[in-house]
Amino acid sequence: MLKHNFPPGPEGEGKLGCLPEMRANPMEFLEQVALEYGGIARVNMGDYYSYLVSEPKLIKEVLVDHYDKYKKNTRYKQVRMVIGEGMLLSEGDIWKHQRLHAQPKFTAKSLDKQTDWITSLAANFLDTWKANAYEDNPVELEYQFNLLTQLLAGVWVMGEGFKPRAQTVFNIYNQIRINWPEMTDLRSTLLQPKNLKKEINFRKALANLNKCVYSLLHEYPDIYEKDIGFLKHLLPEDLTDKAAIRKYIKSNKRSLRDQLLTLFVTAFETTATSLCWTMYVIDKYPEVKQRIYDEVKQVIGSQTPTAETLNKLDYTEKVIKESLRLYSSVHSFSRVALEDHEIGGYRVPKDMTVIISSYVTHRLPEYWDNPHTFDPSRFDKQRTVGRSRFAYIPFAAGHRNCIGSYMALMQSKLVVALIAQRYNLTLCSGHKVEKHAATTMRPKYGMKMNVRPLTA
Ligand code: HEM
């Protein structure tokens, strides 16, 4: 039985409703809404209303119990322009086919087998920081981790052909990021007029990115035989000669591009930002740093990390999980209702946008003691007993959960371990650190750290 027509929530002021507050400080604003109005709230966004669903049992209703009453929110058309109809945005049978086909390549068993080449690329990359260490030149972690995770994601997704293109793709993607167009709904443009120059630069960068991917696809038949990238898995198994592969690629160019770019983009930026925050908390809490360095020394010593040793880094994993609780790189995601129904006794009309924010849910005092305090022991086995699975959602939940969660955790542990074997990183004094909720939750001013070699 319906409690009320609509859930309670803030109206804001005038024609713009809550939009100015939402634009100025989205996460803090949404956290406040949840605290004030409860687990489901209706927020006036000016042109339209959205629901914020923050209570774990209602999140389960949206993502699991009523999953078929929602679709992904694809109103933000720039995302679709970049990644197209890949697994993140596709729906129905296309999504089902992509997900089922990809799943075997994302299992722990399959990914553990790739640890050797991933470790070798990451170790070589991190060794280049030695120059910074000896020249007293700080590293800009956000920049560095984006370079590194792009390299790892690029090779994993597109294979060997990505390596010679890595720097070019990095530069192009930077242009895409810098020129990312602002929201285009009517009221948002009242707050911030459309920037035509940015839009032109965005389109130019996107055209360059496409050119790069298409040239890689064009050359692919020549390296196909010895390649390890996910791209190989996207080609029908019965294609054995170059000419047939070339023909297949030519007639499926756009779909291959979309699937490759979706996996590439979803993999790298999320992991890079999450690594920045993990290194930030490791530096901020000396006792945490000490325990991580001790664990890496005890489990791996000066050996090259392997899947087996990485799986034994229990404490390091808890630190990464706690850092993902407080600094979820995907701070929120949304769905659009396909039909009228109800959640938690409230009406959800067709076309309503429902926002789920891990930032907010990870700070609910009913589920997390001292929610703003960094405490990796929250992930001790005995403390997780009885906690709702939907109270911790850095990788979402339900059938559209993150397919790359194991890969993300594995790569994060690997990078932390390789750093702990080599360096001591400390935040540059005076460097301001603030969260900024963009496509991912980035450090607003980057993350500048001094590098000291461990033996120095
Ligand atoms: C710390 C790192 C990561 C975080 C926090 C993260 C988080 C998320 C979240 C919250 C979603 C759900 C989005 C939504 O429902 O709208 C998602 C989906 C997805 N993620 Fe990740 N992700 C991470 C790393 C990765 C990696 C390494 C990959 C590897 C390719 C990946 C691939 C994907 C894909 C393909 C989807 C769409 C799945 C589907 O709709 O079936 N992610 N991720």
Side-chain angles (χ1 to χ4, degrees), residues 53 59 62-64 67 70-76 79-80 83-103 105-108 110-111 114 118 145-146 148-158 229-231 233-234 258-278 317 320-336 353-359 361-362 390 392-416 439-442:
V53 173
I59 291 178
V62 175
L63 297 181
V64 178
Y67 79 92
Y70 289 94
K71 62 173 182 170
K72 286 280 186 106
N73 185 359
T74 53
R75 286 174 180 161
Y76 202 22
V79 180
R80 185 172 285 280
I83 62 179
E85 285 287 322
M87 199 196 304
L88 185 73
L89 299 181
S90 58
E91 297 280 357
D93 288 345
I94 296 182
W95 169 77
K96 207 183 229 171
H97 172 78
Q98 289 172 344
R99 177 99 190 194
L100 287 177
H101 187 66
Q103 200 79 49
K105 293 285 167 198
F106 283 89
T107 60
S110 169
L111 289 164
Q114 307 217 27
I118 295 177
F145 283 151
N146 271 292
L148 171 59
T149 54
Q150 275 199 16
L151 181 64
L152 300 180
V155 176
W156 189 81
V157 175
M158 296 178 239
F230 186 82
L231 172 52
H233 186 63
L234 289 175
D258 287 359
Q259 294 186 66
L260 295 178
L261 280 182
T262 291
L263 293 181
F264 174 67
V265 171
T266 49
F268 85 81
E269 196 177 335
T270 47
T271 313
T273 12
S274 142
L275 270 168
C276 276
W277 291 114
T278 300
E317 183 164 319
I320 293 166
K321 284 184 171 163
E322 175 66 345
S323 141
L324 274 169
R325 182 184 71 84
L326 278 179
Y327 305 97
S328 287
S329 37
V330 180
H331 48 78
S332 49
F333 49 92
S334 54
R335 299 284 184 267
V336 175
T353 299
V354 172
I355 303 170
I356 294 175
S357 165
S358 51
Y359 184 99
T361 299
H362 291 175
F390 296 86
Y392 184 65
I393 46 167
F395 297 109
H399 73 309
R400 303 286 310 238
N401 70 347
C402 177
I403 197 172
S405 58
Y406 184 83
M407 186 193 272
L409 285 176
M410 189 262 250
Q411 274 186 16
S412 303
K413 277 190 282 184
L414 171 67
V415 173
V416 171
T439 43
T440 57
M441 196 169 70
R442 308 172 37 220

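Counting from 1, the numbers follow the sequence of the chain as shown. Remember, it's 1-based here, ligands and their atoms both numbered in the order they're listed.
For ligand 1 and Ala408, the ligand atoms under 4.0 Å from any heavy atom of the residue are 1 (C), 2 (C), 24 (C). Contact atoms of ligand 1 toward Pro394: 5 (C), 7 (C), 10 (C) (distance under 4.0 Å to a heavy atom of the residue). Near Met407, meaning under 4.0 Å from one of its heavy atoms, ligand 1 places the atoms 27 (C), 29 (C). Near Lys72, meaning under 4.0 Å from any of its heavy atoms, are these atoms of ligand 1: 14 (C), 15 (O), 16 (O), 40 (O). Numbered from 1 in the order shown, with element, the atoms of ligand 1 that lie under 4.0 Å from a heavy atom of Trp95 read 39 (C), 40 (O), 41 (O).
To the nearest 0.5 Å, atoms OG (Ser274) and NZ (Lys321) are separated by 12.5 Å. Atom CE in Met87 sits 13.0 Å away from atom CD1 in Ile94 (nearest 0.5 Å).
Polar contact with ligand 1: present for Arg335 (N/O pair, distance under 3.5 Å). Checked by distance only, ligand 1 and Asn401 stay at 3.5 Å or farther apart across all their nitrogen or oxygen atoms. Between Thr271 and ligand 1, a contact under 3.5 Å exists for no N or O pair. An N or O contact shorter than 3.5 Å is missing between Thr262 and ligand 1 by distance.
Of the protein's non-hydrogen atoms, Thr266 OG1, 3.3 Å is the one closest to atom 32 (C) of ligand 1. Scanning all protein heavy atoms for the shortest distance to atom 40 (O) of ligand 1 gives Arg400 NE, 2.8 Å. Counting protein heavy atoms only, atom 38 (C) of ligand 1 is closest to Arg99 NH1, 3.4 Å. Ala396 CB, 3.6 Å is the protein heavy atom nearest to atom 12 (C) of ligand 1. With respect to atom 36 (C) of ligand 1, the closest heavy atom belonging to the protein is Leu88 CD1, 3.8 Å. The nearest protein atom to atom 35 (C) of ligand 1, hydrogens excluded, is given as Ile403 CG2, 3.6 Å; this is a heavy-atom distance. Scanning the protein heavy atoms around atom 6 (C) of ligand 1, the nearest turns out to be Phe395 CD2, 3.6 Å. Looking at atom 23 (C) of ligand 1, its nearest protein heavy atom turns out to be Thr270 OG1, 3.4 Å.
A distance-only check finds a donor-acceptor pair linking the side chain of Thr149 to the backbone of Phe268 [under 3.5 Å].
Note on ligand 1: Trp156 sits outside its first shell, no heavy atom being nearer than 4.0 Å.
The side-chain heavy atoms of Arg335 and Lys72, taken from C-beta on, include a pair separated by under 4.5 Å. Annotation: side chain of Arg400 is not in contact with side chain of Arg99 (no heavy-atom distance under 4.5 Å). At a threshold of 4.5 Å between non-hydrogen side-chain atoms, the residues Leu324 and Phe395 count as touching.
Residue Gln411 does not touch ligand 1, judged by heavy-atom distances below 4.0 Å.
Of the candidates Ser274, Ala272, Ala267, the one placing a heavy atom closest to atom 26 (C) of ligand 1 is Ala267. The option with the heavy atom closest to atom 30 (C) of ligand 1, from among Ile356, Leu63, Leu263, is Leu263. Of all the listed residues (Cys402, Ser329, Ala153), Cys402 holds the heavy atom that lies closest to atom 21 (Fe) of ligand 1.
Side chains of Gln411 and Thr271: a donor-acceptor N/O pair is absent below 3.5 angstrom, by distance only. Judged purely by distance below 3.5 Å, without hydrogens or angles, the side chains of Thr278 and Ser323 pair a donor atom with an acceptor atom.
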side-chain contact (heavy atoms from CB on, under 4.5 Å) between Trp95 and Glu85, intermediate numbers included
CA-CA 9 Å; Trp95 169 77; Glu85 285 287 322; over 6 Å; no
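Of the residues Leu111, Ile118, Leu263, the one that meets the side-chain contact (heavy atoms from CB on, under 4.5 Å) test with Met407 is Leu111.
The two residues Thr439 and His331 come nearest to each other via the heavy atoms O-NE2, 4.2 Å. Residues Leu88 and Thr266 approach most closely at CD2-CG2, 4.0 Å, considering heavy atoms.
With a 6.0 Å radius and a threshold of 12 heavy atoms from other residues, nucleotides or ligands, Phe106 has its CZ atom above the threshold.
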